[in-house]
Structures are given as C-alpha cells and as structure tokens.
Trainee: 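Got a structure for you, written out below as structure tokens; questions coming shortly.
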Amino acid sequence: MSELTWQRTPLITIAFFLLKQLKQLVTNITNLIPVFAAIFVAGKNSTWIVIALAAGYILYIIISAILTQRFFLYAIADDAVHLRTGIFNRKNLTLKYERIQQAEIHEVWYFRPFKLTILSVDSAGSAGKEVQIPGLTMELAQQLRQRMLTENVSGGGDAEISDSENSETEEPELTKRFPVAEIIRAGIIDNKLFVLLAVLIYPISQLDLLENYIVPWVEQHLDWFNTESAWIIGVGMVIGTFAVLFLAAIVVSLLTFHDLTLTVNGDRYQAKSGALSIRTLSFRYPKLQAVSIHRNLRARLLRRSVVNVSQLQPRTTQGAQGAQQFVLPVVDDEFLAKFRARLRLPSPAKVNWQRLSPLALLGSSLWLALLAPVIATVLYFAAEGGLMGVAAAALGWVVLQTMVVLSWKNYGYSFVSSDSEPKEQWFVVRRGVFSRNQNWYPRHKVQQIDLHQGPWLRLLGFSHLVLHTAAGSETIRYLPDSEAQELQLQWIEEIAGNPRRWM
C-alpha cells in the first residue's frame, strides 16, 4: 500500500458529496415523518423549530462534504482500485477489477463543464454497497471501466485493456436508438411519482394550510358540494391531478433517458442516455445474474415491457438505490424478442409453466376467512346501516379472495434451456395479477438451495424450496417433499459439476 500513488479528487467534487447527502435525505424522508409530526404538534413555535433544524442540517452537510472530499483518496493499480475514505472512521477498500459486476460512467451536469465524470461500480460480495469515484477525467474513467469489465484480468492487464479498447472502435453487432415517442411511453409506464405522492400525502395533510384554509372553505360551501356541478369539478380535479403526475413522469423520463442508445458487441452490452446528466451503463454477459421483464397495467395496454438486467447482490444497505442496474425502460414486443435471443432466453412458447399446489391458497384464504366475520361484526355495529356494513365486508372478502386466487393462478415456475448455442440453463418465475413480471436466473449461478419445512408442512408432506442467487432469492412453495429433495440434489450436482464462472 505504501508504494501506491494516492490522489485527491478536485475541489469541485465537494458539490458531489453535498448532493449525495441531500439525496440520502430524500431517500430516507419517510423515516423523518415522526419528526415532522412533532414539529406540527408544537404549534406556534414550529416555524422557529423548522428554521433551526434546516439551518443546522445545511451547516452540517456543508462541513461534512468539505471534510469528506479532503479525506477521500484513491490510487490506481494494474489489477485494482484502492480507496481511503472516512472522516473519523477511516476505511481502506481494495476493489479488484475481476470482481466488478457492473461499471457506470455518469456525466453529471455540474461536472460536464469541467470535463469530469463519476465512475460507479458494484462488485461481487459487496452486499449491495456501491463504490463511486467522483472527479475523474473522461479518459481515465473509460480506461478504468474497460479494465473492470474485462472478463479475465491478468497480472499486468495491458494487453486486455488494449483488446477492450479495440472492441470499442469496432462496429457494434446491434444498435438500438429509442425515439422520443418511446421515451414518452416510458414516462407513462413509470410508477416513481405515484409512489412519491403516496409518501408525501401524510406530511401534506398535516400542514396548517389544510386546517386553516381548505377545511374552513369546504365547511362554508358544503351545500355547493352537494350540487351536480361540484361533483363534475371534483372529478375533473382528480383527473387533472393524475394528468399532472403523468406529465411530470414524462418530463423526468425525457430528461433521464434522452437519446437512449443500446449497443451490443459480442458479450458486451452498453446503454447511454441523459439530457442534463449523461449515464453510460455497461456489463458483460458472463457477469449476468438475472433478467427481469416487467409489464404493469399501463405497459400491457401500451404493449411494452421494462427489461432489467442485474449483476448485483440484493441492495440491503440503508439508502441504497437500484438506479445502477442495467434498465431498458420501454421495449416493444418485436425488439423484446431480439433482445431475449441476444440474452439467450428461450422463446415463450418453449416455457412449460408449472403451478403451485392448491395448498398455497390455504394460508391467505384462512386469514381472510377468519378476519372477514370480525370486520363484518364491527361494521354491523359501527355503521348506521348495519347490513350495509356486513355487505361491504362481504364484498371486500370477495375482492381479496379473488385477488388471492388470481395471484395463485398467474404464478408459475419452470426450468428451461435456451434455444441457441451456447446452451444456457434457466430457472424462471412469473407472477402478478394486473401486472406481469418474469424473473430469469441462470441455473449454474444459484449459490444456495434450502429446504424449509415447518410443522404444518411436515404434517402435509410438503416443503418450500428456496433458491438464493446473487440477484435475489426465489421460493417455490408447497412442493411435495420427495420432489423438493430430488430437485435440491439434482441442482447441487449440476451446479457443482458446471465449470463455468458465476461472475
């Protein structure tokens, strides 16, 4: 370590560490709801409390960003990147190129005038901990990314870097540029703004604006709300709110995925997009851990899918983001078929879906059967109509039980081989009621297989088979015990005898 040449990032990276602190605050905003509630309860003194907390936090993040930049050091070796971070708790991190699962070059808007960028990487065994090196020149960031994404790293690494750089100049085997119309569809499909609205509903409802202005105005015009025109205006306001949300989602999508271009060259996949800030995501096929194909209700109506390729472990760290995953936000059926073939996924017609045992319905149905009479009794005595409460409880039970049955009916799993050479063995799971989701896992990359059998399952002679991968876990529930044990032994033998690398 003493022979390494340690470098400090430029002063402009203070902005990076400052914005990172703010991003973490936004990510964890739901944890501050009790604080907001206490402030609102304080009444007249709440304004000064808010000002004091805001001023203190701003001062804290400014000082923290300056010190973080000061103590952030990196050194580049032939086979690894070394980092020293931390103000009071110092950390030394050695990141081997051969263990990198994904590398991203992010040209953020405040770095672009200085021709600097951010290199973000995730490595195997990092437990979802993302490593970011800000303030690198574009040339150095691209060189490091080439090293990291090389399948096999030798001692010096120069020859492989040269080969990788040459592959950059070759004509890609597949190039797909997504037009503006498709990016607009991606904004319509996206759910992020709706989730944000749901998170903010409670803090907004506690504002003095609602209690001091909106509620009194509604009480004064209560008779007007009983008119037909009031209902029309109310419905129009609800529709207008959803229209604004959709418009905002489209704008965010246009900024995030502007000029989205996918290139495929051999086993290398790269996606570049962005208006103000430009992101470049890359991965190599041997490092693929899972492929997810999502279609929510809006995507199904638009006949589009969202494809997510993962090379990472589950992100379990607090505040970790999933933005570094390789995502194609909108894909039509024609290109999806081509992309599936490139990823060696078998054709849909070849997948023999298997359902869970009907016993999988028993748990949820039993809870609904126990809770429905209790809720019906409460509503019978609480509601003015009595029988109307019972009818509402019965209707709720019918709806929820239907959802349980549809969820069981639409769930399926399968073990299938790819259509083309080289053959790839896959384990796939599908689920969803209104949406349709498929998760594909290479079978030889399963890391652990567990059998779970509680007292109830032992009595019935069934087991849960749990498959752990670097991209998450999947559970096949209510398998006959003999079948579950046979699958476990068969998979262990196949994985143990497979010489292919899992990363």
Side-chain angles (χ1 to χ4, degrees), residues 101-102 104 122 124 128 130 176 178 182 185-186 189-192 195 253 256-257 260 262 264 269-271 273 279 281-300 302-316 320-333 335-348 350-351 353 407 410-416 418 424-447 466-476 502-503:
Q101 293 292 291
Q102 182 163 293
E104 173 190 359
D122 286 275
E130 178 191 344
K176 170 69 173 178
F178 293 79
E182 290 298 304
R185 290 186 179 93
I189 293 171
D190 193 22
N191 289 321
K192 293 186 181 66
V195 174
S253 180
T256 305
F257 298 107
L260 174 61
L262 169 71
V264 180
Y269 296 72
Q270 178 175 293
S273 65
R279 297 189 314 162
L281 289 169
S282 299
F283 78 95
R284 289 189 181 276
Y285 187 86
K287 299 186 178 184
L288 180 151
Q289 300 293 338
V291 179
S292 299
I293 302 174
H294 305 287
R295 300 185 72 184
N296 59 24
L297 184 59
R298 296 186 299 279
R300 292 177 64 191
L302 294 172
R303 297 183 179 180
R304 296 295 187 273
S305 302
V306 180
V307 180
N308 188 324
V309 181
S310 175
Q311 310 85 45
L312 314 176
Q313 290 188 344
R315 294 184 170 271
T316 57
Q321 298 294 309
Q324 305 302 325
Q325 293 184 328
F326 192 96
V327 178
L328 297 181
V330 56
V331 177
D332 59 31
D333 293 339
F335 184 74
L336 178 61
K338 295 180 181 178
F339 196 60
R340 287 173 63 108
R342 294 290 314 192
L343 294 176
R344 303 173 197 168
L345 298 180
S347 61
K350 192 176 180 180
V351 181
W353 295 107
S407 178
N410 293 334
Y411 182 92
Y413 67 93
S414 183
F415 312 103
V416 62
S418 60
E424 189 75 62
Q425 304 291 326
W426 295 93
F427 165 60
V428 57
V429 173
R430 72 174 184 186
R431 56 171 56 88
V433 178
F434 299 108
S435 62
R436 294 290 186 270
N437 303 320
Q438 292 184 14
N439 295 331
W440 295 78
Y441 304 93
R443 289 175 60 179
H444 72 279
K445 295 186 179 183
V446 174
Q447 298 176 335
V466 185
L467 299 97
H468 302 275
T469 75
S473 300
E474 292 286 354
T475 302
I476 306 177
W502 70 272
M503 70 168 201

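FYI, the numbering just counts along the sequence from 1. In this text the structure is predicted, and so the values were computed from the model without any measurement.
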Trainee: Verify, without hydrogens or angle tests, whether Arg300 (side chain) and Phe434 (backbone) share a donor-acceptor contact under 3.5 angstrom.
Mentor: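 Yes, the answer is positive, given that a donor and an acceptor are paired below the 3.5 Å cut-off.
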Trainee: Using modelled atom types and a 3.5 Å cut-off, is there a donor and acceptor pairing between side-chain atoms of Asn308 and backbone atoms of Leu328?
Mentor: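 Checked: no pair found.
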Trainee: Nearest 0.5 Å, please: how far is CG in Leu467 from CZ in Phe427?
Mentor: 5.0 Å
Trainee: How close do Gly432 and Asn410 get, counting heavy atoms only, and between which atoms?
Mentor: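 Looks like O-ND2, 2.9 Å.
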Trainee: Please step through salt bridge (charged side-chain N to carboxylate O under 4.0 Å, His left out) for the pair Glu474 and Arg431, ending with a clear verdict.
Mentor: CA-CA 12 Å; Glu474 292 286 354; Arg431 56 171 56 88; 3.1 Å; yes
Trainee: Measuring from Glu182:CD to Asp332:CG, what's the distance to the nearest 0.5 Å?
Mentor: 6.0 Å
Trainee: Please report the shortest heavy-atom distance between Phe335 and Leu262, naming the atom on each side.
Mentor: CZ-CD2, 3.6 Å
Trainee: Over all heavy atoms of both residues, which pair between Phe339 and Val309 is shortest? Give the atoms and the distance, please.
Mentor: CE2-CG2, 4.5 Å
Trainee: Grab the two heavy atoms, one from Val307 and one from Val331, that are nearest each other, plus how far apart they are.
Mentor: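 It is CG2-CG2, 4.1 Å.
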Trainee: Going through the distances and angles, do Gln438 and His294 end up as a side chain to side chain contact (heavy atoms under 4.5 Å, CB included)?
Mentor: CA-CA 7 Å; Gln438 292 184 14; His294 305 287; over 6 Å; no
Trainee: Would you say Thr469's side chain and Ala471's backbone share a donor-acceptor pair under 3.5 angstrom?
Mentor: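 Such a contact is found between Thr469 side chain and Ala471 backbone.
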Trainee: Can you tell me how the ring of Tyr269 sits relative to the ring of Phe283, calling it parallel under 30°, perpendicular over 60° and tilted otherwise?
Mentor: parallel
Trainee: Apply the test side chain to side chain contact (heavy atoms under 4.5 Å, CB included) to residues Lys350 and Val416: give CA-CA distance (whole Å), side-chain angles for both, the deciding distance (0.1 Å), then the verdict.
Mentor: CA-CA 8 Å; Lys350 192 176 180 180; Val416 62; 4.2 Å; yes
Trainee: Quick one: list whatever passes side-chain contact (heavy atoms from CB on, under 4.5 Å) with Glu424, sequence neighbours left out.
Mentor: Tyr285, Arg344, Ser418, Trp426, Pro442, His444, Arg500
Trainee: Measure the CZ-CZ distance between Arg303 and Arg185 for me, rounded to the nearest 0.5 Å.
Mentor: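 Output value for this atom pair is 11.5 Å.
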Trainee: Decide if atom NZ of Lys338 counts as having more than 12 heavy atoms of other residues, nucleotides or ligands within a radius under 6.0 Å.
Mentor: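 No - once you tally the heavy atoms of other residues, nucleotides and ligands closer than 6.0 Å, there are 12 at most.
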Trainee: So, does Arg298 use its side chain to make a donor-acceptor pair with the main chain of Asp190 at under 3.5 Å?
Mentor: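 Answer holds: yes.
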Trainee: So which atom in Val330 and which in Phe178 form the shortest heavy-atom distance, rounded to 0.1 Å?
Mentor: O-CE2, 3.1 Å
Trainee: Which heavy atom in Ile293 sits nearest to a heavy atom in Trp440, and how many Å separate them?
Mentor: CD1-NE1, 4.2 Å
Trainee: Mind checking the OG-CD spacing from Ser310 to Gln289? Nearest 0.5 Å is all I need.
Mentor: 7.0 Å
Trainee: Just how far is it from atom CZ of Arg295 to atom CZ of Arg436, taken to the nearest 0.5 Å?
Mentor: 9.5 Å
Trainee: Working to the nearest 0.5 Å, report the span between CZ of Arg430 and CG of Asn439.
Mentor: 13.0 Å
Trainee: Has the side chain of Arg340 got a donor or acceptor atom that lies under 3.5 Å from a matching backbone atom of Pro346?
Mentor: yes
